[in-house]
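Residue numbers start from 1 in every chain, and the chains themselves are labelled A, B, ... in the order their sequence lines are given, proteins ahead of strands.
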Amino acid sequence: MNEKDLEDRLRGVVDGPQPSAPPSLHAFLRSLPEAHSTPRRMPLVWLRSAAGTLRGSVSVAPAARRAQLAFAVSLALVIGLAGGALLMSARQHPVPAALPSIAASTPTSTPRRSLDHSPSYYPFILGHIGGFNWSGILSSEDGNDTEALPVSAVEMVGGGYIGISSDMYGQNGLVFSQDGIFWNWDPPTEVDPSGVTLTSIASDDRGRLVVVGAAQGQGATKDGRIYTSTDGHTWTPVPAATALFGGTAIRTVAYGPAGYVALGWNDNDPASRTVREWVSTDGIHWNAMSGVPIVGPWGFVIWTTSGYLLSGTAQQASADQPPIWTSSDGHSWRRASSSDGKGSLVGPIISATVEANGRVIAVARSTDGSGNELIFADKGMQDTLSTWALLPSSTDIAAFMEVASIRGSKVTSDTGFETYSHLLVATSAASAGHVYVSIDDGTTWSIASGLSSFDGAPLGQALLQLGVNYGGDSAKVLCYGKPSYGMGIWLASAVSP
Amino acid sequence: MEAALAFADARPVTFVEVAERVLDDAYRLAGYILSDASEAEDAVQEALTRSWQAWSTLRDQDRFEPWFDRILVNICRDKLRKRRGVRLEELNEELAVYIEDPFRAAFARAEVDKLMPVLSPDQRIVVGLRFWRDLSLQQIADVLGVPLGTVQSRLHYALRALREESDRMTRASGLPAEVKR
């Protein structure tokens, strides 16, 4: 057969009526949640489908269901075993390659450090955890459950952890863990039997816990709710909540020495773009503040060593002023400035962390749609975070999603044991959810792949997570534990069948 | 102020709309590469999920289709590679008559169904993009993320392998090629 005849035959394959995508594919596509504007939220539909729970939440073809089930089972087995083995290995041989070459590193055999306690658990890992959010709680207290839950906020309290999560059926509540690895979550503990969606949690230095969220209000509106507790199990609603928070869902809360600061806005009324702020010194008595300098529907507040840090969509963008404000008391806000004249590129902060030296590194949305920006501010002589700039590495990895600082991080290398004062860990939406690490304040980043382990304590709410990212030919496991276990993070890879 | 406000609106969640536009083409591409409707459906579903997750990383939505095609093709390649070590058998010949796979039927109509197994996954993908998706060689290179020369080479060796297989089958049947055709 000559070449032309062959090509004619090949083209003849697509002669005639062409098949269309089956309805089940259209249904699957439409079932994907449109939640990319809220990076902390988990794609529950995907969790359901990829975990192969077969609970009928997603209409898929029988073959797809079989594949999902096979994938879920095999992934659970492989990751459960491999993850467990790798975690054990991480304990027994916590010796990653030198950080700067982590991307190309493979597990090394020397030097090794033995630990005097052996692992006795095998975390179950099942399901796909969003690819880039890495926000999943994946193991139950007994290690026998095989469900995966998203966790949107975690607070370290009294040596343990409390997180906000939602189960497969959307029930929102609190989950608990003593070690950050195994969680009591089935089902999440309700704070209010009348129904409330929790979004953020904070605790003060007196042992009081505060959770914020929203309950269904009149019509489509949401009414903000705040609850307090001293033990995490018995919760008391803040009095006069409707008068204080009516019509506005409370989205985030932070605690600093001056008290609590909470932000909220109404998603159902985007035209108003109003962000409201409330402050409280004890978590029980709250006052509404006026003059919040940001507009919705996004707001971010954390406590730093220099005071509260506020970010959102600026009412006035400026090259000299990114949309960042600082305050010592949460009452009056002072706008930060840009030291590099690129303030207009900086959008709302979505994640931030405070390094041991007081430097703040944050991930902010970019205003030109070019991806998220990595920005920083130093504490400086005036004990403020008044001047911000883009990190040069921001352009290297434009899809940063979250960043966290691990204090007292220790990293071992082939040449010996090295200690760093802090380690930055960041997640990225690009490249199938890569995790990046930096030991030079975010100046340079390395992809954390292969098996590595770092000692350290998680800082803040951002990165106390346990997750798996399935990227086609391999699955990556990311675990954050307590320093008392002798390790803070495992980054592991396993090959799926 | 406008820039900042525009940012809030500059992240429209239009993945479903954009993906809906390419869904039929994607299904057909996967179907012809894999020659199996069920596998094609699975591949497209997986590609939808992966691209949905990475949606925020796509800076130019006008580039969605080649971006999505690359994801889909990579998934198809994985499936083809895994398939090579697996022997597939029809469980029920009679049942197969009633559940006609439109892609297998198309290959059978064009009388190339017996030839295709000689192609490697990469060769099959290049052939699929060239003849069933009607892409230029440069477009194929863009979709695959490989140099143009690689595409040319893969296509050359793919067509040669198909011709050799066709000739071998003709010789095996004992008929001259023109009669057999």
Indicate the atoms forming the closest heavy-atom contact of [X] with [Y], along with that distance.
| X | Y | value |
| --- | --- | --- |
| A:Ser20 | B:Tyr27 | O-CE2, 3.2 Å |
| B:Ala106 | A:Val13 | CB-O, 3.4 Å |
| B:Ser166 | A:Arg9 | OG-NH2, 3.9 Å |

I want to check something: taking the side chain as every heavy atom from C-beta on, are [X] and [Y] in contact at a cut-off of under 4.5 Å?
| X | Y | value |
| --- | --- | --- |
| B:Thr49 | A:Phe28 | yes |
| A:Leu10 | B:Leu159 | yes |
| A:Leu29 | B:Trp52 | no |

Discussion item. Please enumerate all residues that pass side chain to side chain contact (heavy atoms under 4.5 Å, CB included) together with B:Ala108, with sequence neighbours excluded.
Written reply: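 Applying side chain to side chain contact (heavy atoms under 4.5 Å, CB included) to B:Ala108 gives B:Asp113.
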Item to complete: Using a cut-off of under 4.5 Å on heavy-atom pairs, state which of A:Gly16, A:Pro22, A:Gly12 scores highest against chain B.
Response: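 Highest number of pairs under 4.5 Å: A:Pro22.
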Worksheet entry | Contact list for residues 11-29 of chain A, test salt bridge (Lys or Arg N to Asp or Glu O under 4.0 Å), sequence neighbours left out |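 The answer is A:Glu7-A:Arg11.
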Discussion item. Can you tell me which portion of B:Arg28 sits under 4.5 Å from chain A's heavy atoms? Options are side chain, backbone, both or neither.
Written reply: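 Just the side chain, heavy atoms under 4.5 Å.
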Fill in: Contacts of residues 148-157 of chain B with chain A (heavy atom under 4.5 Å)
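The stretch does not come within 4.5 Å of chain A.
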Worksheet item: chain A contacts: which residues in residues 126-137 of chain B have a non-hydrogen atom closer than 4.5 Å to it?
Response: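 Answer by number: B:Val127, B:Arg130, B:Phe131, B:Trp132.
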Worksheet item: Atom CG in A:Leu6, atom CZ in B:Arg160: separation rounded to 0.5 Å?
Response: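 If I round to the nearest 0.5 Å, the distance is 13.5 Å.
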